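Below: one structure, written as C-alpha cells.
Here the structure is a predicted model, which is why all the values come from computation and not from measurement.
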2 protein chains.
Amino acid sequence: MKQSRESVHTLVVARLRESKLLYTQGRRQLVDLLLDFARPVSVAEMLKRKSRLTQSSLYRNLTDLEAEGVVRRVAGNDSVVRYELDEELIGHHHHLVCVKCGYVDDFVVSDATERAIDAALTQAARKSKFTAKGHRLDVLGLCVRCTTAR
Amino acid sequence: MKQSRESVHTLVVARLRESKLLYTQGRRQLVDLLLDFARPVSVAEMLKRKSRLTQSSLYRNLTDLEAEGVVRRVAGNDSVVRYELDEELIGHHHHLVCVKCGYVDDFVVSDATERAIDAALTQAARKSKFTAKGHRLDVLGLCVRCTTAR
DNA sequence: CTCCGTGCAAACTTTTTGCAACGGG
DNA sequence: CCCGTTGCAAAAAGTTTGCACGGAG
C-alpha cells in the first residue's frame, strides 16, 4: 500500500532497527531521493543528484537496504541497475521500460487483472517446481521522448 | 513460433543478409550454443563452454545479433546480463527467475491469459504515452536447488 | 564509549575499443 | 580481392573492498 513520506521513514526506521542498522543522515536522504524521483533510478542518476553520500557508501547502502527490504532492484532492458523503494512502501505496480534509452516509469493495472495474472503464474511456477515469491509484469516499448525523436 | 534447429539457422541467415552481416563460424556456433542451452545464459557461461570465439568477439557478436533481432537480452534480478534467441525463433514465453542464485528458466502461459495481459498492458501504455512493443511477465522466486538448499 | 557508517583510494570485474591479421563471399 | 570479422591487448566503465576517521546511540 502507498504510504505518506512521513510514514515511509517510520517504516524504514522499524525495519532497520530489527537488524541493528542505523538510520543515518545518508540513508535517510537516500530514501528521500527515491521518494522524490518516484520512478526507478540508476546509481549514476543518484550520484549526480546527491552530495551526501560518496559512491562507495551509496553502493553499500543500496546493498544493505535491499537486504532489509527497503529498496529493491528494478530490471530494465539494458545493463544499468536501477533501484526503487519496496512495494510495501510505495505500492504494488509495474514498469514501462523504454528499450531505446532505458528510461523506466511506473504504472498500475486493475485488481482483476492482477488476480488473473497471479493465478496463471502460481500454476506455472508449480509445474516447474519453482517457489513463486512474486511476479514482474512490464511493458517494453518506447518512451515519449524516444517515440518523438524518431 | 518455435522452429527446428535447421530453420533457425536459415532464418538467421536471412536476417543477417539484410544487413550485410556474415554468418561466420563463430556466429553460427553462438546460435547453436543458445539452442543447446534452451534457457537464458550469461556471457560467463557462454565463455566457459565456448572455444570458438574470444571474449571480445563474443560481446561484439551479441551486440550485433541483438541489433538484428536474432538474440535478445533477458532481464534477471541480479546484474548479470543473459541472452536468449529471439522469440520468433524459439517462441513466445516467460521466465522463472531465481532471486537467490539468478538462474532463469522458461515457461509458457495459456493463450487466453496472454490475450488478457496484452489488453491490459496496451491500455496502460497508452495512458502513459508509451509506444508498447511487447511485454515481459516473469515469476520471481526460488529455483529447485535454492528451495532445497534452504 | 563503543560500534556502525563513511570517505578515500586501490583492487576487481565486466564490457568496450584500436589495430593488424584473417576469412567469407 | 574486398570488406567485414576476429584476436590480442589495452582502456574504460561499473562495482567492491581495506583501512582509518567520524558519527549515532
| task | Starting from the C-alpha separation in whole Å, work towards a yes-or-no answer on side chain to side chain contact (heavy atoms under 4.5 Å, CB included) for B:His94 and B:Val109. | result | CA-CA 8 Å; B:His94 301 279; B:Val109 303; 4.0 Å; yes
Rounded to the nearest angstrom, tell me the gap between atom [atom1] in [X] and atom [atom2] in [N].
{"X": "A:Arg27", "N": "C:dG7", "atom1": "CZ", "atom2": "P", "answer": "11 Å"}
{"X": "B:Tyr83", "N": "C:dT14", "atom1": "OH", "atom2": "C1'", "answer": "12 Å"}
{"X": "B:Leu53", "N": "D:dT5", "atom1": "CG", "atom2": "C1'", "answer": "10 Å"}
{"X": "B:Lys20", "N": "D:dT5", "atom1": "NZ", "atom2": "P", "answer": "11 Å"}
{"X": "A:Lys48", "N": "D:dA13", "atom1": "NZ", "atom2": "P", "answer": "13 Å"}
{"X": "B:Gln29", "N": "D:dT5", "atom1": "CD", "atom2": "C1'", "answer": "15 Å"}
{"X": "A:Gln55", "N": "D:dG14", "atom1": "CD", "atom2": "P", "answer": "9 Å"}

| field | From D:dT15, C:dT15, C:dG5, nucleotide with atom closest to A:Val43 side chain | value |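 Closest nucleotide among those given: D:dT15.
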| field | Closest nucleotide among D:dT5, C:dT6, C:dG7 to the B:Leu21 side chain | value | D:dT5
| query | Quick check: are there more than 12 heavy atoms from other residues, nucleotides or ligands sitting under 6.0 Å from CD of B:Glu87? | reply |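 Enclosed.
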| message | Taking the cut-offs as 6.0 angstrom to the six-membered ring centre and 45 degrees off its axis, would you call B:Arg82 and B:Phe37 a cation-pi pair? | response |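 Judged by the rule, B:Arg82 and B:Phe37 form no cation-pi pair.
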Grab the N/O contacts between the protein and nucleotides 23-25 of chain D below 3.5 Å, and write none if there aren't any.
none

| field | Residue among A:Arg39, A:Arg73, A:His95 satisfying side-chain hydrogen bond (donor to acceptor under 3.5 Å, both in side chains) with A:Glu84 | value | A:His95
| query | Under a 4.0 Å heavy-atom cut-off, which of residues 56-81 of chain A touch DNA chain C? | reply |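 Of all residues in residues 56-81 of chain A, the ones placing a heavy atom under 4.0 Å from DNA chain C are A:Ser56, A:Ser57, A:Arg60, A:Asn61.
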| field | ILVMFWY cluster, B:Leu140 and B:Leu96 together (side-chain gap under 4.5 Å) | value | no
| Do B:Phe107 and B:Asp105 have side-chain heavy atoms sitting under 4.5 Å apart? | no
| request: Assess the side chains of B:Glu114 and B:His135: does a donor N or O sit below 3.5 Å from an acceptor N or O? | output: yes
| Hey, is A:Arg49 close enough to A:Asp36 for a salt bridge, meaning N to O under 4.0 Å? | no
| query | So A:Gln29 and A:Leu53, side chain to side chain contact (heavy atoms under 4.5 Å, CB included) or not? Walk me through it. | reply | CA-CA 9 Å; A:Gln29 287 193 21; A:Leu53 286 176; over 6 Å; no
